[in-house]
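Written below as structure tokens is the structure these notes are about.
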Amino acid sequence: MILGQEFYFQKTEKVAKELLGKILYFKNDSDKVFSGRIVETEAYTGIEDPAAHSFGDRKTERTKTMYLEGGHAYVYLIYGMYNCLNFVTRYEGHPEAVLIRALEPVHHSSEKPSKKDLHTNGPGKLCRYFGITRKQDGLKLWKKRSGLWVEDDGFQVSPKQIVRAPRIGIDYAGDAALWPLRFYLKDSFWVSRP
DNA sequence: AGTGAGATGGCCT
DNA sequence: GGCCATCTCACTA
């Protein structure tokens, strides 16, 4: 079942947690479909989160996507060469989002993990592998027609499997660097770091 | 195992 | 001009 827009209206931390185990799909311009099970996310909680682009209610050309209502994709360029995929959460004017940090390749789920399959164990890498760029910024995730959507295939995640930890790569954010807003599946081979 | 540097360009003050 | 929600490779040991 595709996740409807209401899913993304929930509290950002909840969305980040509940996305674990869901399947991300992306259909590119050549109709090639990529997919992967989400195993790692991070919540960025808006104007009071020093690590968020929207901190201090900074609405700019780049961040305006975050101000849309929940369910839109927010894609931005980082370090001049990598794209990062986020899902906007909450309501219009409440610029919060969830960063998708790592996927488990679905076709490899029952095979022995190997190094050559490590294309999606990081936010920059998964976008590079799928071909997701800022052209996908603003897409509506609740519509399959947009080419970017999320499905629940019934995969069960028990609370015991979920690890909460500080977010990655935001040392500049002071105390917020310690906030436990990163979620990942315990013991997953495919998370960006152990 | 852990550390460090370079690539590379848009964003923001 | 400085910084960055990253990744890879090249060191050290």
For this session: Evaluate side chain to side chain donor-acceptor pair (under 3.5 Å) for A:D57 paired with A:Y67, printing each intermediate quantity in order.
Result: CA-CA 9 Å; A:D57 208 12; A:Y67 285 78; 2.8 Å; yes
Exercise. Atom CZ of A:R134 to atom C1' of C:dC4: distance rounded to whole Å?
Worked result: 14 Å
Exercise. Does the ring of A:Y44 carry A:R167 above it, NZ/CZ under 6.0 angstrom from centre and within 45° of its axis?
Worked result: yes
Problem set entry | Members of residues 48-75 of chain A that approach DNA chain C, where some heavy atom sits under 4.0 Å away | A:A51, A:H53
For this session: Take A:E18 and A:K11 through the test salt bridge (Lys or Arg N to Asp or Glu O under 4.0 Å) and record every step on the way to the result.
Result: CA-CA 11 Å; A:E18 305 247 324; A:K11 258 191 88 181; over 6 Å; no
Exercise. With clusters built from Ile, Leu, Val, Met, Phe, Trp and Tyr whose side-chain heavy atoms come within less than 4.5 Å, directly or transitively, what are the remaining members of the cluster of A:W179, listed by chain and number?
Worked result: A:L181
Problem set entry | Nucleotide range of DNA chain B lying under 4.0 Å from chain A heavy atoms | B:dA7 to B:dT13
Exercise. Rounded to the Å, how far apart are A:R167 CZ and C:dC4 P?
Worked result: 14 Å
Write down the protein N/O and nucleotide N/O pairs, taken from nucleotides 6-9 of chain C, whose separation is under 3.5 Å; answer none if there are no such pairs.
| from | atom 1 | to | atom 2 | distance (Å) |
| --- | --- | --- | --- | --- |
| C:dT6 | OP1 | A:R101 | NH1 | 3.3 |
| C:dT6 | O3' | A:G124 | N | 3.3 |
| C:dC7 | OP1 | A:G122 | O | 3.4 |
| C:dC7 | OP1 | A:P123 | N | 3.2 |
| C:dC7 | OP1 | A:G124 | N | 2.8 |
| C:dC7 | OP1 | A:K125 | N | 2.9 |
| C:dC7 | O4' | A:Y82 | OH | 3.3 |
| C:dT8 | OP1 | A:R128 | NH2 | 3.1 |

Problem set entry | Donor on one side chain, acceptor on other, A:H72 and A:Y8, under 3.5 Å | no
For residues 92-103 of chain A, dump all side-chain donor-acceptor pairs below 3.5 Å to protein atoms at least two apart in sequence or in another chain.
| from | atom 1 | to | atom 2 | distance (Å) |
| --- | --- | --- | --- | --- |
| A:E96 | OE1 | A:T12 | OG1 | 2.5 |
| A:R101 | NE | A:E40 | OE2 | 2.9 |
| A:R101 | NH2 | A:S192 | OG | 3.2 |

Exercise. Does the ring of A:F155 carry A:R37 above it, NZ/CZ under 6.0 angstrom from centre and within 45° of its axis?
Worked result: yes
For this session: Would you sketch DNA chain C in dot-bracket for me? Only Watson-Crick or G-U wobble pairs with both distances under 3.5 Å count, crossing pairs as [ ], other-strand pairs as |, the rest as dots.
Result: ||||.||||||..
Exercise. Do A:Q5 and A:E69 get their side chains close enough for a donor-acceptor pair, meaning under 3.5 Å?
Worked result: yes
Seminar exercise, completed: dist A:R164:CZ -> A:K186:NZ (nearest 0.5 Å) comes out at 15.5 Å
Exercise. Salt bridge or not for A:E151 and A:K144, using N-O below 4.0 Å?
Worked result: yes
For this session: Round to a whole Å and report the spacing from OH of A:Y172 to P of C:dC3.
Result: 13 Å
For this session: Enter the distance from A:L178:CG to A:D175:CG here, rounded to the nearest 0.5 Å.
Result: 6.5 Å
Exercise. Quick check, are the ring centers of A:Y74 and A:Y76 under 6.0 angstrom apart?
Worked result: yes
For this session: Among A:N28, A:L148, A:T120, find the one that has a side chain to side chain contact (heavy atoms under 4.5 Å, CB included) with A:F130.
Result: A:T120
